[in-house]
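So the structure is just underneath, and the comments pick up after that.
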Amino acid sequence: MRLGVAADHGGFELKNRLVSDLKGMGHEVMDFGALELDSLDDYPDFVVPLALAVSSGEVERGVAVCGSGVGACIAANKVQGVRAGLIIDMFSAHQGVEDDDMNLMCLGGRVVGYELAKDLVHQFLDARFKGDQRFRRRLEKVNRLESRR
Ligand code: RB5
């Protein structure tokens with residue numbers, strides 16, 4: 001799968017470890033930064049370009065990491081067509097895709113350890129949107145909000 005990743009200083013180390021793992025699994029990974037650790041950097045500078053790439057289809061899915069994952073999730077969800085979720089458990093990692101068509105996963109680099117984060121990302125990537133009528137109806141209601149902007 002063609003994936004994008006992004007992180008600020010709070011997610012920098014975890015993001016880099018995930019990139020190695022994902023490449024090792026054969027995924028094509030576009031890294032939207034940060035490419036070096038800068039304790040003063042700002043998550044929107046990396047997360048928004050990733051979210052735009054998810055929105056345009058340049059990458060199929062994205063993984064964004066900041067300290068808590070909260071800021072990354074807020075920023076990503078401002079971009080049209082992005083359905084980002086802050087994920088800390090295995091159920092939501094796949095159910096968010098299956099029911100809600102989540103296309104960008106946010107993680108807290110100061111919250112989850114590498115092994116859990118790796119499993120969460122694998123669950124996310126293995127999951128597919130089920131596409132049931134009720135799921136589409138709910139998303140359509142969300143999409144209507146975007147078109148009012
Ligand atoms: C950065 O120190 C931290 O505030 C940021 O990574 C993130 O946790 C925001 O949600």
Side-chain angles (χ1 to χ4, degrees), residues 1-131 135-136 138-139 142-143 145-146 149:
M1 195 181 282
R2 193 147 35 91
L3 306 171
V5 296
D8 72 352
H9 55 281
F12 182 77
E13 190 188 333
L14 179 58
K15 183 261 290 176
N16 288 345
R17 292 187 75 179
L18 291 173
V19 167
S20 302
D21 175 58
L22 291 167
K23 284 183 175 169
M25 290 174 64
H27 293 291
E28 186 185 334
V29 183
M30 286 184 67
D31 191 340
F32 289 84
L35 299 180
E36 55 188 43
L37 183 60
D38 173 359
S39 63
L40 295 179
D41 67 12
D42 301 325
Y43 58 80
D45 295 335
F46 313 106
V47 174
V48 172
L50 166 64
L52 289 169
V54 171
S55 176
S56 71
E58 186 181 359
V59 296
E60 291 169 64
R61 291 196 195 169
V63 177
V65 194
C66 66
S68 63
V70 173
C73 196
I74 290 171
N77 275 315
K78 297 292 181 191
V79 174
Q80 187 157 14
V82 169
R83 295 172 296 278
L86 172 55
I87 300 300
I88 56 170
D89 67 279
M90 296 291 273
F91 172 74
S92 304
H94 64 85
Q95 195 254 12
V97 177
E98 291 161 355
D99 292 16
D100 309 318
D101 206 10
M102 175 172 64
N103 54 14
L104 198 154
M105 168 185 274
C106 300
L107 296 169
R110 294 171 179 160
V111 179
V112 295
Y114 168 65
E115 294 297 339
L116 175 58
K118 197 170 63 162
D119 286 351
L120 293 173
V121 170
H122 293 177
Q123 288 283 310
F124 168 57
L125 297 179
D126 287 346
R128 297 291 175 270
F129 179 51
K130 287 179 181 164
F135 300 142
R136 292 185 187 280
R138 290 162 192 164
L139 285 172
V142 176
N143 290 342
L145 287 173
E146 285 189 334
R149 277 189 194 162

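Everything quoted here is computed from the prediction, not taken from an experiment.
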* **Nearest-0.5 Å distance, CZ of residue Phe32 to CG of residue Leu52** => 9.0 Å
* Structure fact -> Looking only at heavy atoms, the pair that brings Ala75 and Val48 closest together is CB-CG2, 4.4 Å
* Under the 3.5 angstrom rule, does the side chain of Asn16 hit a backbone N or O of Val19 as a donor-acceptor pair? -> no
* Close side-chain approach of Leu18 to Val29, heavy-atom, < 4.5 Å -> no
* Asked: Are the side chains of Asp31 and Lys15 in touch, meaning some heavy atoms are under 4.5 Å apart?
  -> yes
* Are the side chain of Glu98 and the backbone N or O of Ala127 linked by a donor-acceptor pair below 3.5 Å? -> no
* **Contact check, side chains of Leu125 and His27, non-hydrogen atoms, under 4.5 Å** => yes
* Structure fact -> When rounded to the nearest 0.5 Å, the distance separating CG of Leu3 from CZ of Phe124 is 8.0 Å
* To do: Start with the C-alpha gap between Met90 and Asp119, add the side-chain angles, then the distance that decides, and say whether side chain to side chain contact (heavy atoms under 4.5 Å, CB included) holds.
  => CA-CA 8 Å; Met90 296 291 273; Asp119 286 351; 3.8 Å; yes
* Structure fact -> Between the SG atom in Cys106 and the CG atom in Asn77, the distance rounded to the nearest 0.5 Å is 7.0 Å
* **Asp42 side chain to Asp45 backbone, donor-acceptor under 3.5 Å** => no
* **Gap separating the CG atom of Asp101 from the NZ atom of Lys130, nearest 0.5 angstrom** => 12.5 Å
* Asked: Does a sphere of radius 6.0 Å around CD in Glu13 hold more than 12 heavy atoms from other residues, nucleotides or ligands, not counting ones at 6.0 Å or beyond?
  -> no
* Met105 side chain near Val97 side chain, heavy-atom distance below 4.5 Å -> no
* Of the options Val5, Ile87, Leu104, which is the one that meets Val63 in a side-chain contact (heavy atoms from CB on, under 4.5 Å)? -> Val5
* Do the side chain of Asp8 and the main chain of Asp41 share a donor and acceptor less than 3.5 angstrom apart? -> no
* Could you check Val121, Leu116, Leu86 and say which one makes a side-chain contact (heavy atoms from CB on, under 4.5 Å) with Leu107? => Val121
* Structure fact -> For Cys66 and Gly71, the nearest pair of non-hydrogen atoms, with its separation, is SG-N, 3.8 Å
* Structure fact -> Residues Arg61 and Val54: closest non-hydrogen pair is C-CG2, 4.0 Å
* Asked: Does atom CG of Leu139 have more than 12 heavy-atom neighbours, drawn from other residues, nucleotides or ligands, at distances under 6.0 Å?
  -> yes
* What is the minimum heavy-atom distance between Leu50 and Gly62, and which atoms define it? -> CD1-CA, 4.0 Å
* To do: Might you work through the salt bridge (charged side-chain N to carboxylate O under 4.0 Å, His left out) test for Arg138 and Asp99, ending with a clear yes or no?
  => CA-CA 9 Å; Arg138 290 162 192 164; Asp99 292 16; 5.7 Å; no
* Asked: Where do Val79 and Ser55 come nearest, in terms of heavy atoms and distance?
  -> CG1-CB, 3.8 Å
* Structure fact -> Smallest heavy-atom separation, Val65 atom then Gly11 atom, equals CG1-CA, 3.5 Å
* To do: Answer yes or no: is there a side-chain heavy-atom contact under 4.5 Å between Tyr114 and Asp21?
  => yes
* Supply the atom-to-atom distance Glu60 CD to Asn103 CG, rounded to the nearest 0.5 angstrom. => 11.0 Å
* Distance in Å, Met1 CE paired with Glu28 CD, rounded so as to fall on 0.5 Å steps -> 12.0 Å
